Amino acid sequence: MSSVDTLNIIQGDVKKRIDRWLARYPVDQKQSAVIPSLRIVQEVNGGHLTKEIMDQVAQYLEMTPISVYEVATFYSNFEHQPVGRHKICLCTNISCMLRGSDELLDYLKTKLDVDVGQVTEDGKFSIKKVECLGACVNAPMMQIDKTFYENLTEQRLDEILDSLE
Amino acid sequence: MVKVEINGQVVEAREGDMLIDVADSASISIPRFCYHKKLSIAANCRMCLVDVEGAWKAVPACATPVTDGMKVNTRSPKAIAAQKAVMEFLLINHPLDCPICDQGGECELQDVAMDYGDDVSQYSEAKRIVGDRNVGSLIQTDMTRCIHCTRCVRFGQEIAGLKELGATGRSEWMEIGTYIEKSIDSELSGNMIDLCPVGALTNKPFRYKARSWELKAHPTVAPHDSIGSNIFVHTRNGEVMRVVPRENEAINETWIADRDRFSCEALHSADRLTQPKVKAEGHWSSMDWSLALQVTVEKLKPYLANPEQIAILLSPNSTLEEVYLVKKLANALGINNIEHRLRQQDFSADQYGINQTLAMRLADVEALDSVLVIGGHLRKDLPLLNNRLRKAQLNGCEVNVVNPSGLDYNLGIEHQVDTLSLVSELASILKAANELVDQDNQVELAAVTFNATHTAIANSLIKGKKSALMLGLIAQADVHYSKILQLASQLAQTTGSSFSDLPAFSNTVGANLILASNSADLTNWLANGKKVFINVGIEPEFDCLLADQALRAMQQAELVINLTAFDSVSQQNYADIMLPIAIFAENAGTLVNIQQDWQSFKLFASAKGEAKPAWKVLRVLGNMFDLEGFDYTNTAEVLAEIKALNLSIKQPDYQCNLDLSVITPTPSSLVPCYSVDGMVRRSPALQATPDAQLTNPLN
């Protein structure tokens, strides 16, 4: 990943992408674009937000910083600590739990030698417990980046993790 | 109008009113936490659930509009079951620390829990704990006690115009706070303390000082700005402990400025002068009142042969009675040099009369549709007028400003002109307005040019049905104040706007009423000096606009007599006599506010040490000079005498010299809002706020 100027993150391509969202809303309601904007800056910052970055979003969307913090802390998609290149979001809600997600989580933790919320030494993976992602029919499941992986077993997990760059 | 039946009682209401308001107006109590009549409806605490006939579930009274024929029961088994269930949930995470909580005894949660809570909790799991952040010197946080009503969040967003608190996180992890380490900086922030229904936000300087049931509430008037906010002062054994707002819809609604709330600390300042002091051969010695006053009279007497060499400087926060007695005493002794407008330097418009008042009622400000503020930082100088203006702006009023740059506004500004030369900009706007209404320009405006912004401001005022011009403290401090007055009043005339030269201090209006006929030339007195200065309730070196000149004039004077509440090193250097006077709650009197309400208040706190109310000191001085008519026994007698004079303000017709060829920009003369008088300068909590940093001359 190319280095990012975190003190001036809303420029060039990032600015263009945010502006595309802004164009969808009335000019005096820029805050409507706060979620996509946060998503974009989080992505270019390597998967997590910082106070400085949220403040820039606030300034760009003419919101008070606290209003941006509110949104960014409400949705679990937003990270406030560094994450791995691939964020493993393992569902531990009822359906997945009944189908063995707790054991899978333990397996993951041992395999990667990290706890929930931590990043592996090589920076490749981090583990996150998430609430139901709506794929109960093929529980247990997880989401890595933008892909759902279902009917998980320890063996499937090994295969999936090995296949990722 | 519709008819609603609440608990069998038929109540009339306007259709669309919220059920909780209708019940309140009929004195039917419904418990609530998040609802507040001055804030938007959140309906998130669910405490006000009531039983509406035909509705399957209990509904929140704060968010349910009434309809004709609606039948409501607030005490049915269904309603009570709902309310008790909500109460139980709210108490799950609330700590049982009432004995060490400052809110204990005046806590809405405690009160409602008495009515709706159960004796024993079914919940035996761990309660959540929320870490506290330091949000500054005024508000103490204990966020574990927070019940997430969001009143403070909505206050910041809707009233203060500065959203500083928010709800971060989600569900069990939701927290009210600033998220980052940051102080709460609004000049109205203290109101969040009153709004908080629990002990999460409490008064920091007052923390652990007293319990609410030990306190006695006394109605009085705030002593700093010309709004004259109504307040209660809470005392314990005659000692002032804290200040809270007293609701008055016509003046301060339910709010007060932080300055009015936290300045009471200064009453207990170590700087208080507690005994009369006289300087002899460079040494100060304390003495009793009768001796000190004798010395005062003796020292003053030689100068009375030529009273022109004496000047009296008076605090614009002095009560009406004090101002009147100063004038009566001075005039009886032949002294004519009296001045209270210490932050002004151009007095040449005085000959046309003085009218520093708001040209409307405070509540009418909310209905304005175009306003031009000239040289005024209303947000800091008159926070509650600014609050009304902000409401107007949110309703669509166009607010325009001509001000020095760098001011921080908390409302939307339509057009903004940043300048240090108010006169030139005002002339440009006037010329633009003249062109718009096809009116001939005066000769003096011939060389004036204007741009699109000037035209836009003029146009805004012209097309506004209720438009207003307001002149603030910065304009009054301008070297060309008289020209500003003339240009502004002409602009008001041309554009069909009202014109208000806003009074800044708590009795500016009253002092003007009494002293209007006195010819004053403060600038000259300070520049060229006087042999004798008598200062009443002020520190000239801090309270005068021309502070350096004032200090030099004091140092060079032969005799300086200070009637003052506070001792200070610099006073000890230049003064010869210091007489301790009572301030604020230790005094009784009358203040005339911005909309000319005469508000009298009583004395209810004992003065520090030997300090006496200034009116008594003046009365005794009158007696000692063997003057007639100084036999008052209370302030009411003085007030009656003032009322009998039928003083009134005449609208001046400014005809000042309008030569615009020699306009020099005035250096910005912003008075920091926590340096305006001796009391706020000595309130440690206010002085620790960002608004006071680096600006208090005492620091």
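In the text below, chain A, chain B and the rest are named by the order of the sequence lines, each starting its count at 1. Nothing here was measured: the structure is a model prediction, and the numbers come from that model. The analysis underlying the following values was restricted to heavy atoms, covering all of them including side chains, and did not include hydrogens, waters or symmetry mates.
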Enquirer: Taking side chain as C-beta onward, heavy atoms only, is B/Cys152 less than 4.5 Å from B/Leu195?
Expert: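 Answer no - side chains too far apart.
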Enquirer: Do A/Asp122 side-chain atoms and A/Lys124 backbone N/O form a donor-acceptor pair below 3.5 Å?
Expert: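 Yes, because the side chain of A/Asp122 sits within donor-acceptor range (under 3.5 Å) of the backbone of A/Lys124.
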Enquirer: Extract the chain A to chain B donor-acceptor pairs under 3.5 Å, no hydrogen or angle test applied.
Expert:
from	atom 1	to	atom 2	distance (Å)
A/Ser67	OG	B/Lys163	NZ	3.1
A/Glu70	OE1	B/Lys163	NZ	2.6
A/Glu70	OE2	B/Ala167	N	2.6
A/Thr73	OG1	B/Gly169	N	2.7
A/Phe74	O	B/Arg170	NH1	3.0
A/His80	ND1	B/Tyr179	OH	3.4

Enquirer: Partners of A/Asp19 by salt bridge (Lys or Arg N to Asp or Glu O under 4.0 Å), sequence neighbours excluded?
Expert: A/Lys15
Enquirer: Short question: side chain of A/Ser126, backbone of A/Val83 - any donor-acceptor pair under 3.5 Å?
Expert: no
Enquirer: Under the 3.5 angstrom rule, does the side chain of A/Glu103 hit a backbone N or O of A/Leu105 as a donor-acceptor pair?
Expert: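 No; judged by distance alone, with no hydrogens or angles, the pair does not exist.
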Enquirer: Which residues in residues 110-120 of chain A have a heavy atom less than 4.5 Å from any heavy atom of chain B?
Expert: none
Enquirer: Test: ring pair (Phe, Tyr, Trp, His ring centres under 6.0 Å). Region: residues 107-148 of chain A. Which pairs qualify, not counting sequence neighbours?
Expert: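 For residues 107-148 of chain A: A/His86-A/Phe125.
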Enquirer: So what's closer than 4.5 Å to chain A heavy atoms on B/Leu162: side chain, backbone, both or neither?
Expert: neither
Enquirer: Out of curiosity, A/Leu164 CG to A/Asp145 CG, how far, rounded to the nearest 0.5 Å?
Expert: 7.0 Å
Enquirer: Quick check for you: to the nearest 0.5 Å, what is the distance between A/Ser37 atom OG and A/Arg17 atom CZ?
Expert: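 If I round to the nearest 0.5 Å, the distance is 10.5 Å.
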Enquirer: Can you tell me how far apart CG (B/Leu109) and SG (B/Cys146) are? Round to the nearest 0.5 Å.
Expert: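 SG of B/Cys146 is found 10.5 Å from CG of B/Leu109.
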Enquirer: With A/Leu61, which of A/Val68, A/Leu22, A/Leu38, A/Ile10 fulfils side-chain contact (heavy atoms from CB on, under 4.5 Å)?
Expert: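 In the set A/Val68, A/Leu22, A/Leu38, A/Ile10, the residue that makes a side-chain contact (heavy atoms from CB on, under 4.5 Å) with A/Leu61 is A/Leu22.
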